[in-house]
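Following: one structure in structure tokens, then a few remarks.
Note that the numbering runs from 1 along the sequence shown for the chain. The figures that follow rest on heavy atoms only: side chains count, while hydrogens, waters and symmetry mates do not.
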Amino acid sequence: MGNFHPTIRTHHDFDAERDAKKIYKACKGMGTDEKAIIEVLANRSSEQRQEVKQKYKAMYGKELENVLKSELSGNFEKTALALLDRPCEFDARELRKAMKGAGTKESVLVQILCTRNNQQIRNIKAAYKKLFDRDLEDDVKSDTSGYFKKILVSLLQANRDEGLEINEKRAGEDAQRLYEAGQDRWGTDESEFNVILATRNYMQLRATFKAYEILHGKNIEEVIKSETSGNVKSAYLTIVQCTKDCQAYFAKKLYKAMKGAGTDEDALIRIVVTRAEIDLETIKQKYLELYKKSLADAIKSDTSGDFGKLLIALLH
């Protein structure tokens, strides 16, 4: 999945009690000291934020989430609350939000389920059950259909080989299977694509895509674009793009979230918050390479107020 350079690491001079007091003071009396809140939330690891939450409740008898909800608003509030969740809890909430009510936000399902590793998927399923007392797989099944449903259900099994071995013979065979399931037939046999894309390790998939190009003279993205459509196309392309360069995939998503009229703040929050402790540093480098503009500058010109300040703080 590429290089892993986070922007947020464990804070060395950490003291949960001091942080809890600082947030309490920031929220006390008239007006809120947003700067102090940003300072704590943007410079602590997820585990450390959990400790601050527990300490806050022990000291002041209140849930920190509820305090911030009453003090903050808009996208700043959304981002602060996202940071108080464990990554798996935040992903679980985003998935629930995407499926609740009329209509489903399929792009959110794709962006989360097609980019997480086995352990992350298992953690998300457990968090979903704990938060909503519902089964994530059941909800996905009732909210999606066809091959799109099948690829998501396959990914929810968290059954991907996560080794680094490459079997060249299998790569050639898989490339042939993909060819026979796609280009070489009338209509596409998506089940072959599902099996290969959802279970092979990423190094193996890269070898398969390479073999495909050599054998059939087309890159796999072109094939997926011409052979599939809609949500299933989007899911397959996401898996392929993450296999080839996961950080470039997220850099492009960030660019898209800020391009044109209106900003997709939810996508910005989701990517910055969930990648900060994984590979956000590398995503920043990719962004600069691809768009000749720093991600911080792009966010600065596209957001305002404390929301923008918090996102930018997470980038450093």
Side-chain angles (χ1 to χ4, degrees), residues 4-94 97 123 127 130-131 254 263 265-281 283-284 294-316:
F4 296 123
H5 294 295
T7 54
I8 290 184
R9 293 178 175 82
T10 303
H11 186 69
H12 292 304
D13 181 27
F14 174 63
D15 180 338
E17 187 170 322
R18 188 174 61 206
D19 283 349
K21 279 180 182 166
K22 195 172 186 176
I23 293 179
Y24 177 75
K25 198 176 152 206
C27 297
K28 221 178 82 176
M30 293 291 287
T32 308
D33 182 357
E34 286 88 356
K35 192 166 173 258
I37 292 169
I38 291 171
E39 221 164 87
V40 173
L41 295 183
N43 294 294
R44 306 292 181 265
S45 70
S46 178
E47 284 308 315
Q48 290 174 330
R49 286 183 222 120
Q50 298 305 312
E51 283 184 52
V52 174
K53 267 166 68 170
Q54 284 156 5
K55 188 58 80 173
Y56 193 97
K57 190 173 181 182
M59 289 168 74
Y60 305 109
K62 282 182 175 176
E63 296 287 354
L64 183 50
E65 287 101 320
N66 295 338
V67 173
L68 293 186
K69 266 182 200 167
S70 66
E71 293 289 327
L72 314 177
S73 63
N75 290 308
F76 180 46
E77 178 196 335
K78 271 188 200 172
T79 313
L81 293 176
L83 288 165
L84 287 184
D85 270 335
R86 287 193 167 89
C88 59
E89 293 166 340
F90 178 61
D91 277 345
R93 286 188 207 280
E94 288 289 283
K97 199 167 81 184
N123 292 346
K130 195 174 161 199
L131 288 168
L254 286 165
T263 303
E265 286 93 353
D266 285 353
L268 272 188
I269 296 168
R270 191 181 316 114
I271 297 168
V272 172
V273 167
T274 58
R275 306 311 291 189
E277 284 183 70
I278 301 173
D279 54 3
L280 190 54
E281 190 58 52
I283 292 168
K284 276 162 58 181
S294 83
L295 180 54
D297 285 346
I299 288 175
K300 218 174 268 178
S301 61
D302 233 69
T303 58
S304 60
D306 296 311
F307 170 49
K309 284 178 194 159
L310 179 49
L311 286 185
I312 287 159
L314 290 166
L315 294 179
H316 298 306

(request) Please tell me if the side chains of C27 and I37 come closer than 4.5 Å, counting only heavy atoms from C-beta onward. (result) yes
(request) Please identify each residue that fulfils side-chain contact (heavy atoms from CB on, under 4.5 Å) with R18, with sequence neighbours left out. (result) D13, D15
(request) Sequence neighbours left out, what passes side-chain contact (heavy atoms from CB on, under 4.5 Å) with Y24? Give chain and number order. (result) K28, Y56, Y60
(request) Step by step, work out the side-chain contact (heavy atoms from CB on, under 4.5 Å) result for N43 and F14. (result) CA-CA 10 Å; N43 294 294; F14 174 63; over 6 Å; no
(request) Tell me, please, which residues at least two apart from R49 pass salt bridge (charged side-chain N to carboxylate O under 4.0 Å, His left out). (result) none
(request) Output all residues satisfying salt bridge (charged side-chain N to carboxylate O under 4.0 Å, His left out) with E265, sequence neighbours left out; order by chain, then residue number. (result) none
(message) Tell me every residue that passes side-chain contact (heavy atoms from CB on, under 4.5 Å) with E89, counting only those two or more places apart in sequence or in another chain.
(response) D85, R86, A127, L131
(request) Using side-chain hydrogen bond (donor to acceptor under 3.5 Å, both in side chains) as the criterion, list what pairs up with K97, not counting sequence neighbours. (result) E94
Please tabulate, for the side chains in residues 73-81, all donor-acceptor contacts under 3.5 angstrom to protein atoms that are two or more places apart in sequence or on a different chain.
from, atom 1, to, atom 2, distance (Å)
K78, NZ, D266, OD1, 2.9
T79, OG1, N75, O, 2.7

(request) State, yes or no, whether a side-chain contact exists between L64 and L68 at a heavy-atom distance under 4.5 Å. (result) yes
(message) Nearest 0.5 Å, please: how far is OG1 in T7 from CG in L314?
(response) 6.5 Å
(request) State the CG-CG distance between L254 and L311, to the nearest 0.5 angstrom. (result) 9.5 Å
(request) Sort and list the pairs that fulfil ring-ring contact (aromatic ring centres under 6.0 Å, His included) and have at least one residue in residues 294-313, not counting sequence neighbours. (result) none
(message) Is any side-chain heavy atom of M59 closer than 4.5 Å to one of K21?
(response) yes
(message) Under the salt bridge (charged side-chain N to carboxylate O under 4.0 Å, His left out) definition, can you give me all pairs with a residue in residues 63-76, not counting sequence neighbours?
(response) K53-E65, K57-E63
(message) Applying side-chain contact (heavy atoms from CB on, under 4.5 Å), can you list everything that pairs with A36, at least two apart in sequence or on another chain?
(response) K22, A26, D33
(message) Applying side-chain hydrogen bond (donor to acceptor under 3.5 Å, both in side chains) as the test, list every pair that has at least one member in residues 302-316; sequence neighbours left out.
(response) T263-D302
(request) Heavy atoms only: give me the nearest A82-I269 pair and the separation to one decimal. (result) CB-CG2, 4.2 Å
(message) Test of understanding: with side-chain hydrogen bond (donor to acceptor under 3.5 Å, both in side chains), list the residues that count as partners of D297, not counting sequence neighbours.
(response) S294
